[in-house]
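Here is the structure we will look at.
All values below come from the heavy atoms of this structure, side chains included, with hydrogens, waters and symmetry mates left out.
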Amino acid sequence: MMVPEIILASASARRAALLEQIDLPFRTHPSALGDDGEARRAGETAEACARRLALAKASEVAAAERRGLVIGADTVVTCGGRVLGKPRDRAEAQAFLVSLAGRTHRVITGIAVVEAATGRAAVGAAVTRVTMRPFDAEEAARYVATGEPMDKARAYGIQGRGALLVDGIQGDYFNVVGLPLVLLAALLRRFGVDAWSARAARGHRVVGPARRP
């Protein structure tokens, strides 16, 4: 069976690296829409928001591509009912981190796979609970000074030095990095794509436009 081309509607190097980790052939066509968990509609849950935004990204790119399977993703982080997006500056990054210290927050990633030729879509969301160890503003400032938190929702990267602040997680680790792989594989199966054999079926990996770090 011919495996359809897979297109990642994201410029995230972290999401691309996870697809490469499981040896899934793909290319990138970044959506013009960014992660924007703060765009929740009145009465909308964080999970529903993440699914909606992921579908919007995938659908936008699918309309331009017209063929292949397009993967869209959007991450929303909540703590105590508050949404934590990407920090606007170092002061906000430090404030985000201090608000997370010693507490448990939720990382929600919506995933959408859209068949460009038909518009058929499969959508889901993964939720991981992350508990941070207690730390003070000085330690948060030292971490912010590394520059690592600035392009990340919730102002830390669990796959980087931010791991030093994490006490434990409940759920999918890869969801916290940016792409829940088990959920993605399940959605791809609805379109006849087996993540175990996709590379062999296509015979090569295609990487598209340059990705931002």
Side-chain angles (χ1 to χ4, degrees), residues 1 3-31 33 35 37 45-59 61-62 68-79 84 104-116 120-132 152-154 156-160 162-163 166-202 205-207 211:
M1 176 180 176
V3 174
E5 183 177 32
I6 295 171
I7 301 155
L8 177 63
S10 172
S12 167
R14 295 178 294 278
R15 287 171 178 156
L18 289 174
L19 294 184
E20 291 168 353
Q21 178 177 317
I22 61 172
D23 216 13
L24 192 71
F26 72 99
R27 65 178 172 87
T28 60
H29 179 158
S31 166
L33 305 174
D35 279 13
T45 66
E47 290 90 335
C49 177
R51 290 193 297 267
R52 174 174 59 81
L53 295 175
L55 179 58
K57 293 176 182 180
S59 298
V61 172
L69 294 178
V70 180
I71 299 169
D74 193 272
T75 298
V76 176
V77 179
T78 65
C79 185
L84 302 180
T104 298
H105 60 278
R106 297 194 310 154
V107 179
I108 304 115
T109 301
I111 297 289
V113 178
V114 174
E115 188 174 54
R120 184 164 66 99
V123 186
V127 180
T128 303
R129 288 169 173 78
V130 183
T131 301
M132 308 295 270
K152 298 171 179 65
R154 81 258 167 182
Y156 73 89
I158 196 171
Q159 74 281 10
V166 176
D167 187 56
I169 71 170
Q170 293 177 292
D172 186 344
Y173 164 82
F174 299 106
N175 174 38
V176 186
V177 179
L179 199 64
L181 297 176
V182 170
L183 173 60
L184 175 62
L187 296 179
L188 288 173
R189 281 196 296 272
R190 299 187 192 180
F191 297 91
V193 175
D194 178 5
W196 287 103
S197 58
R199 178 180 173 86
R202 283 200 67 84
R205 177 175 61 86
V206 180
V207 177
R211 304 184 296 267

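Residues satisfying the side-chain contact (heavy atoms from CB on, under 4.5 Å) test with I169, not counting sequence neighbours, are T128, V130, I158, V166, Y173. Every residue two or more places apart in sequence or in another chain that forms a side-chain contact (heavy atoms from CB on, under 4.5 Å) with A122 is listed here: L187, R190, F191. With sequence neighbours excluded, no residue satisfies ring pair (Phe, Tyr, Trp, His ring centres under 6.0 Å) with F174. Looking at residues two or more places apart in sequence or on another chain, you find a side-chain contact (heavy atoms from CB on, under 4.5 Å) between S59 and L55, V114. Taking the side-chain contact (heavy atoms from CB on, under 4.5 Å) definition, one finds that R129 meets it with T104, R106, V127, Q170, sequence neighbours left out. Partners of R120 under the salt bridge (Lys or Arg N to Asp or Glu O under 4.0 Å) rule, at least two apart in sequence or in another chain, are E115.
We find the CD1-CG distance between I111 and L181 to be 8.5 Å, quoted to the nearest 0.5 Å. Going from atom CG of L184 over to atom CZ of R189 covers 10.0 Å, rounded to the nearest 0.5 Å. Here the CD atom belonging to E5 is positioned 11.5 Å from the NE2 atom belonging to H29, to the nearest 0.5 angstrom.
Of the residues L33, V70, I71, L8, the one that meets the side chain to side chain contact (heavy atoms under 4.5 Å, CB included) test with V61 is V70. Screening T109, T28, T75 for a side-chain hydrogen bond (donor to acceptor under 3.5 Å, both in side chains) involving R15 leaves a single residue, T75.
Taking 4.5 Å as the limit, every side-chain heavy atom of I22 sits out of range of all side-chain heavy atoms of L18. Side-chain contact between K152 and V77: absent, with no pair of heavy atoms (C-beta onward) separated by less than 4.5 Å. Side chains of D172 and L183 form no contact here, defined as non-hydrogen atoms less than 4.5 Å apart.
Closest non-hydrogen pair, A54 versus G110, comes out as CB-O, 3.3 Å.
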**Request:** Could you walk me through whether T45 and I108 pass side-chain contact (heavy atoms from CB on, under 4.5 Å), step by step?
**Result:** CA-CA 11 Å; T45 66; I108 304 115; over 6 Å; no
